[in-house]
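Residue numbers start from 1 in every chain, and the chains themselves are labelled A, B, ... in the order their sequence lines are given, proteins ahead of strands.
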Amino acid sequence: MKNNGRTIRRKKEDGGLAAVLMMSPAVLMLIITSIYPFFWLFRYILYDYNGFTAYFTGLYNIKRMFTDTVFWASVGHTFEYAILKLVITLPLSLLIAVVISKNIPGSSLFRGIFFLPTVISASVYSLIFTFIYAVFRGPLNTMLQSIGLISAPIDWLGDPSWVMISIAIVAVWGGLGNYMVYFLSGLSSISSEIYESSMIDGANARQTFFRITLPMLSPMLKVILLLAITTSFKDYQSILVLTNGGPNNRSHVMFSYIYNLIFSSTSTPQIGYATVLSIMAALIIGAVTALYMVLARKLDDVV
Amino acid sequence: MRKIISIMMIMLVLVGAVYAGGSSDKSASSQSQSGKTVVNIWTNDRHDAEYLNEKIAEFNASNQDIEIKMTTVVEDYPNMLVMSYTSGNAPDLFYMNARGTGFDLKTFVDAGMLVPYPDSLLNDPDFEKVTDASKHIVEGINAINGVPYAIFSVLRSGTRMIYNMDLLEQAGITELPATLQELVDTAAAVTAAGNGNFYGIATCSSAQFERWLEGICNKSGIYHYDYKNGRFDFSGYAEPIKLAQKFFSDGSMFPGSNTQGVDAMRAQFANGTFAIWGNASQEAGVFTDQFPITEFEWAVGELPSMDGNAYGTVDSRPQKGLHMFSSCKNQDAAWEVVKYLNSEDFVKGYVEHGYALPLSEYMASVVDMSKIGRLADFASVSYEGLYPAVPSVSVAGDPYAVALWNVVVSGGDVDKVIADLNKSYNEALDRDVKIGKVKRLVIKDFNPLDPTAGTAEYLDK
C-alpha cells in the first residue's frame with residue numbers, strides 16, 4: 001500500500017494529472033467532432049432518414065447495397081482513379097523532386113510553379129479545367145489539333161472512354177506539387193556526405209538513385225505512399241465539379257455517389273442508405289490501407 | 001492547491017471557448033439595438049438582391065417597430081434551413097420558390113416546422129389583389145391538406161425555346177418548330193448549314209432533362225405520376241425519348257455542352273454558335289444584361305409537343321413564397337413583414353425590374369409592361385400551371401430525370417430504362433407508404449390540363 005501511494009505521488013509529481021488536464025480539451029474536441037459522429041452514423045443503418053424523421057426499414061439498406069450496381073461500379077471507378085493518379089503522380093513527383101533538389105538555376109522558381117496548384121482550391125481549378133476541356137474550340141483540343149495529334153476534337157468529359165483519364169490528369173496536376181514537397185523534405189534528410197563518397201567510388205547517376213536515394217528515402221516513401229493511397233481513395237471534390245459522376249455514372253467514385261445521395265438536388269436525402277455505403281467505403285479503404293501496411297512491412301523484411 | 005485551482009480555471013476558460021462559438025446567435029428573433037423587433041429572413045435568390053435590399057432599407061427607415069434583416073444562403077439551401085431549425089438558429093421567415101430544388105413542403109409541415117398563413121392575411125383584400133392567393137393554392141407545393149404555408153407573389157414562366165433567327169434563316173427555316181420531330185429536323189438542318197461552325201441545339205451540365213425536354217413531354221400529356229391511380233408511370237416517355245436521342249446521334253447537339261455550365265452555354269448562344277436554347281423567363285434578363293445579344297435577332301417560341309397540340313400542363317414556377325418557421329417568436333411582426341413584401345408597390349417594382357412576371361391579374365394590369373423588356377415574350381400561356389406535388393420517395397438508383405437524360409445521351413435501350421424506372425419508383429412508393437414516410441396521392445378526377453382542379457386524397461396503402 002505504501003509503495004502504491006508513493007507511485008501515485010510520483011506520477012503526480014511527473015505531471016500526470018497536468019498532462020491529462022492539458023490533453024482533455026483536445027480529446028474532448030476529438031470526441032465531439034470525430035468519434036461521436038462516427039457512432040452517430042451507426043444509429044441510421046436500419047433507418048430511412050431524411051434529416052427530420054427516421055423511418056425504420058430493417059435490413060433494407062444493407063440488402064439494397066448488395067444489389068446496387070451503381071455503387072459497386074463506383075467502387076471499381078475509385079480503384080481505377082486511385083491507381084491512375086498514384087501511378088502517374090508518385091514517380092513523376094519523385095523525379096521532379098530529385099531534379100529540383102540538385103539546385104540547378106531556376107529550380108526554386110519551378111518548385112513554386114509545381115507547388116502552386118496545391119494552394120488553389122480543387123473546385124476552382126476543376127472549374128478552370130472544364131473550360132480547358134471544352135470540346136468546341138476548347139484550348140486543349142485546339143492545341144492537340146494544331147500539332148496534328150488528333151484529327152477531331154475529343155469530348156474529354158462526356159466520352160465514357162476518356163472521362164477517367166481526363167479526371168486523372170486534373171488530379172495529377174493538382175497533387176504533383178504536394179508530393180514533390182514531401183519528397184524534397186525526404187531528400188534533404190539524406191546526408192550529402194553519402195553522395196560524395198559514392199561519387200568518389202565512381203557511382204553513376206542511375207546507381208546513385210537506385211542504390212542510395214531510393215533506399216534511404218524508403219521510411220519517408222512509406223509514409224508518402226500511405227498518405228497518397230488514403231487521399232486518392234477519398235478524392236471526389238474535383239469529380240463533382242468536372243462531371244458530377246457522369247456520363248451515365250461512368251465517373252462516380254464511392255464518395256461522389258454517397259455525396260449525391262445526401263445532397264442531391266433532385267431527390268430527398270437518403271441519409272440511412274448513405275450511412276451504410278459510407279461504412280462500406282470506410283471498410284474498403286481500411287482494407288486497402290491494411291494491405292499496404294502488411295506489404296510495406298514485408299518489403300522491409302526483404303530489404 | 002493553487003496549482004489545481006489554476007488548472008481548473010484554465011479548463012473552464014477552454015470549455016467556455018469551445019461552447020462560445022455555438023451560443024452567440026441563439027436568439028434569432030430578438031430585439032435590435034435600437035429596440036425594434038428584428039425579423040430575420042433567409043433567401044436563396046441572388047439575382048434580385050439589389051432590389052430587395054433597397055426595399056428593405058426603405059422599410060427599416062420608415063417603420064418604427066420592426067427591422068428586417070435578410071441573409072442570402074445559396075448553397076445547399078434546404079439542408080441549411082433544416083440545420084438552422086434543429087440547432088435553434090432558424091430565421092423567422094424564409095423564401096422558397098415553388099418546387100424549389102431539394103425542398104419538400106410536406107416533410108417540413110409533418111415535422112411541425114412551419115406556421116400556416118393566418119386567415120387575417122388571407123382575407124386581406126389588398127393581399128389577395130396582389131397575389132391572387134386563393135387561386136394559387138396547390139397541394140404539396142404551397143399547401144398541405146388545403147392549408148397554405150406559403151403564398152407566392154410573382155411567376156417564372158414555363159420553359160420556352162429561344163431561337164437564333166439568323167442561324168435558322170441560314171438553314172432555310174422560316175417557321176418555328178411546333179412538334180418534337182420538327183425540332184429534331186430543325187436542329188439537324190442548322191447543324192448541316194453550320195458545317196462545324198455552329199450547331200443546332202444545346203444543353204448544359206445541370207437539370208438537363210428538366211430544362212426543356214420534360215416540358216415538351218408534359219405539354220404532350222405525358223407525366224411521370226399517374227394521379228388517377230396513385231402510381232408512377234414512365235411509359236409515355238418512350239416515344240419522345242427515342243426521338244430526342246436523335247439530337248445526339250445526328251450530331252446536332254452542341255459538342256460537349258452536356259458537361260458545360262449553364263452560363264458557359266448561355267455565352268455560347270449569345271456568341272451565335274448554336275441556334276436553339278430552351279429555358280424559362282429568367283433568360284430575358286440573361287440575354288439583355290448578362291450576355292447581351294446584339295449581333296443577331298432572337299425569338300422566343302412556345303414549347304413544341306408530340307403533335308403540336310397541348311394535352312397537358314407545363315410547369316410554371318411561382319416565386320418568392322415566404323414561409324414562417326414555427327420557432328418564430330414575434331409572429332405578428334413577421335406577418336407584417338410578409339404583408340409588406342407582398343404589397344402592390346413592392347411587387348410592381350419587382351416585376352418592372354424584370355426579375356419575374358406578375359402572378360395576379362390585377363398586378364398584370366398595373367405593371368408598366370414597357371419597362372419589362374424582353375420578359376414580355378415569356379408572358380403566360382393557357383397550358384402553363386402547376387402539378388400537385390408527387391410523393392417524395394427514396395428511390396434506389398438514379399432519379400428519373402437523370403436516368404432519362406442519360407439514355408438520351410448514350411443512345412441506349414429506352415424501353416429497359418423505362419421498365420426499370422417503373423419498377424424502382426413504384427417499389428419505393430409502396431415501401432415508403434408502408435413505413436409511413438409518404439402517403440399515396442390519388443386524384444380520381446385529375447385533369448392534365450387543369451391539374452389543381454381535382455380533389456386530392458392521401459391514402460395509407
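For the set Gly196(B), Ala111(B), Ser394(B), the count of heavy-atom pairs under 4.5 angstrom toward chain A peaks at Ser394(B). In terms of heavy-atom pairs under 4.5 Å with chain B, the best-connected choice from Leu127(A), Val70(A), Asp48(A) is Asp48(A). When each of Asn79(B), Asp104(B), Asn258(B) is scored by its heavy-atom pairs under 4.5 Å with chain A, the top score falls to Asn79(B). Residue with the most contacts toward chain A among Thr273(B), Asn197(B), Val409(B): Asn197(B) (heavy-atom pairs, distance under 4.5 Å). For the options Thr86(B), Val407(B), Asp398(B), heavy-atom pairs under 4.5 Å to chain A are most numerous at Asp398(B). Note on Phe131(A), Tyr60(A), Tyr273(A): by heavy-atom pairs under 4.5 Å with chain B, the leading option is Tyr60(A).
Surrounding CE of Met80(B) are at most 12 heavy atoms belonging to other residues, nucleotides or ligands under 6.0 Å away. The number of heavy-atom neighbours closer than 6.0 Å to CZ of Phe56(A), taken from other residues, nucleotides and ligands shown, is above 12. Summarising the local packing, OH of Tyr85(B) is surrounded by more than 12 heavy atoms from other residues, nucleotides or ligands at distances under 6.0 Å.
In this structure, Asn271(B) CG and Arg137(A) CZ are separated by 8.0 Å, a value rounded to the nearest 0.5 Å. Note that CD of Gln260(B) and CZ of Phe136(A) are 11.5 Å apart. Values are rounded to the nearest 0.5 Å. Going from atom OG1 of Thr57(A) over to atom NZ of Lys434(B) covers 11.0 Å, rounded to the nearest 0.5 Å. Interatomic distance, CZ of Arg64(A) versus CD of Glu427(B), reported as 11.0 Å (0.5 Å rounding). The CG atom of Asn50(A) lies 8.0 Å from the OG atom of Ser392(B); values are rounded to the nearest 0.5 Å.
Of the atoms belonging to Met113(B), it is side-chain heavy atoms, and not backbone ones, that fall under 4.5 Å from chain A. Heavy atoms of Tyr400(B) lying under 4.5 Å from chain A are absent altogether. With a threshold of 4.5 angstrom between heavy atoms, Tyr199(B) approaches chain A through side-chain atoms but not through N, CA, C or O.
Judged purely by atom type and a 3.5 angstrom limit, Gln270(A) uses its side chain to pair as donor or acceptor with the backbone of Val395(B).
Contact check for Thr130(A) versus Thr259(B): no side-chain heavy atoms found under the 4.5 Å cut-off.
For the pair Asp155(A) and Gly256(B), the tightest heavy-atom approach, listed with the atom from each and the gap, is OD1-CA, 4.0 Å.
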Next on the checklist: For Thr53(A) and Asp110(B): C-alpha separation, side-chain torsions, deciding distance, then whether side-chain contact (heavy atoms from CB on, under 4.5 Å) applies.
Outcome noted: CA-CA 9 Å; Thr53(A) 326; Asp110(B) 286 350; over 6 Å; no
